[in-house]
Amino acid sequence: MYDDILVPTDGSEAVDRALDHAVRLATDHDATVHALYVVDQRVTTANSGELHDEVVADLEAQGETAVGAVADAAAEAGLEVETHVVHGTPDAEIVSYADEAGVDVIVMSPEGKSPRERIRSLGSVSDRVADDASVPVFLIK
């Protein structure tokens with residue numbers, strides 16, 4: 001039923017709860033886990049001054065660490081893993097990746113950002129993904 005499972009990550013502790021569910025689901029279906037981190041272009045665009053390159057490099061490093069944590073958990077369970085760090089708007093990139101990679105389900109947590117960050121980013125990424133995705137979205141609280 002599920003051959004490919006997408007786990008978007010922002011590196012927060014909330015991802016761990018979603019990851020536990022994703023790994024169990026992937027194990028049950030012998031599925032590949034796709035770890036995706038999106039370097040938010042709104043953040044990099046807002047930091048277009050002399051520190052721009054440092055900000056981008058720092059966010060990319062955070063992304064590699066975040067997808068690495070997902071990959072480690074999936075590999076520990078004996079699962080195949082693909083990791084990707086991309087640039088763009090998080091909800092749009094998650095939905096786009098899901099479509100392009102042919103994933104069967106997205107497993108994510110709606111609690112990665114603080115309430116203040118949600119207000120600043122005009123709502124929850126997970127809400128927008130759930131609204132726009134063409135595949136099922138499991139939101140793990």
Side-chain angles (χ1 to χ4, degrees), residues 2-141:
Y2 300 122
D3 294 321
D4 293 276
I5 298 171
L6 175 56
V7 180
T9 180
D10 61 3
S12 69
E13 290 181 18
V15 173
D16 293 340
R17 289 188 301 276
L19 181 56
D20 288 343
H21 288 273
V23 167
R24 276 187 272 157
L25 190 62
T27 300
D28 289 347
H29 294 277
D30 193 29
T32 298
V33 173
H34 297 251
L36 178 69
Y37 179 93
V38 181
V39 175
D40 193 331
Q41 71 182 14
R42 297 168 298 184
V43 174
T44 59
T45 300
N47 291 290
S48 60
E50 60 188 60
L51 295 178
H52 174 72
D53 292 343
E54 284 183 50
V55 170
V56 171
D58 184 51
L59 291 172
E60 288 173 343
Q62 288 177 30
E64 291 297 338
T65 300
V67 297
V70 172
D72 290 346
E76 188 175 302
L79 299 167
E80 287 188 39
V81 185
E82 292 187 22
T83 63
H84 301 276
V85 175
V86 300
H87 292 247
T89 304
D91 55 298
E93 291 300 322
I94 292 166
V95 170
S96 177
Y97 180 89
D99 290 340
E100 291 172 13
V103 301
D104 302 299
V105 64
I106 301 168
V107 180
M108 61 191 303
S109 173
E111 300 172 359
K113 291 189 174 185
S114 70
R116 182 178 177 167
E117 290 171 315
R118 285 184 186 194
I119 290 169
R120 190 174 63 221
S121 64
L122 301 175
S124 166
V125 169
S126 60
D127 289 343
R128 291 190 300 272
V129 169
D131 287 344
D132 296 339
S134 61
V135 297
V137 178
F138 292 167
L139 297 178
I140 309 300
K141 291 188 177 211

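Predicted model only: the values in this text are computed from it and were never measured.
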Student check: side-chain heavy atoms of Glu60 and His87 closer than 4.5 Å
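Side-chain contact under 4.5 Å: yes.
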Is the shortest heavy-atom distance from the side chain of Gln41 to the side chain of Thr89 under 4.5 Å?
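Side chain of Gln41 against side chain of Thr89, heavy atoms only: contact under 4.5 Å found.
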Kindly give the heavy-atom pair with the smallest separation between [X] and [Y], and that separation in Å.
| X | Y | result |
| --- | --- | --- |
| Ile140 | Arg17 | CG2-O, 3.9 Å |
| Ala77 | Thr27 | CB-OG1, 4.1 Å |
| Val95 | Ala133 | CG2-N, 4.1 Å |
| Ala75 | Val81 | N-CG2, 3.9 Å |
| Ala22 | Val7 | CB-CG2, 3.5 Å |
| Ala98 | Leu6 | CB-CD2, 4.1 Å |

So does [Y] get a backbone contact from the side chain of [X], meaning a donor-acceptor N/O pair under 3.5 Å?
| X | Y | value |
| --- | --- | --- |
| Ser96 | Ala92 | no |
| Thr9 | Gly11 | yes |
| Thr32 | Asp4 | no |

Checking side-chain contact (heavy atoms from CB on, under 4.5 Å) for the pair Leu59/Asp40: CA distance, chi angles, key distance, verdict?
CA-CA 8 Å; Leu59 291 172; Asp40 193 331; over 6 Å; no
Show your working on side-chain contact (heavy atoms from CB on, under 4.5 Å) between Tyr37 and Thr83 and close with a plain yes or no.
CA-CA 8 Å; Tyr37 179 93; Thr83 63; over 6 Å; no
Mind checking the [atom1]-[atom2] spacing from [X] to [Y]? Nearest 0.5 Å is all I need.
| X | Y | atom1 | atom2 | result |
| --- | --- | --- | --- | --- |
| Arg24 | Asp20 | CZ | CG | 6.0 Å |
| Ser109 | Leu19 | OG | CG | 11.5 Å |
| Ile106 | Met108 | CD1 | CE | 7.5 Å |
| Leu36 | Asp10 | CG | CG | 11.0 Å |
| Leu25 | Ile5 | CG | CD1 | 4.0 Å |
| Leu139 | Asp127 | CG | CG | 7.5 Å |

Could you tell me how the ring of His84 sits relative to the ring of Tyr97: parallel (under 30°), tilted (30 to 60°) or perpendicular (over 60°)?
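Judged by the thresholds at 30° and 60°, the geometry between His84 and Tyr97 is tilted.
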Test log, rule side-chain contact (heavy atoms from CB on, under 4.5 Å), inputs Val105 and Val135
CA-CA 6 Å; Val105 64; Val135 297; 5.6 Å; no
Between Ser134 and Asp99, does a side-chain contact (heavy atoms from CB on, under 4.5 Å) hold up when you go through it step by step?
CA-CA 7 Å; Ser134 61; Asp99 290 340; 2.7 Å; yes
Checking side-chain contact (heavy atoms from CB on, under 4.5 Å) against Ile94, which of Asp132, Val103, Val125 comes through?
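Among the candidates, only Val125 passes.
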Heavy-atom neighbours of Asp30 CG exceed 12 at 6.0 Å
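At most 12 heavy atoms, drawn from other residues, nucleotides or ligands, come within 6.0 Å of this atom.
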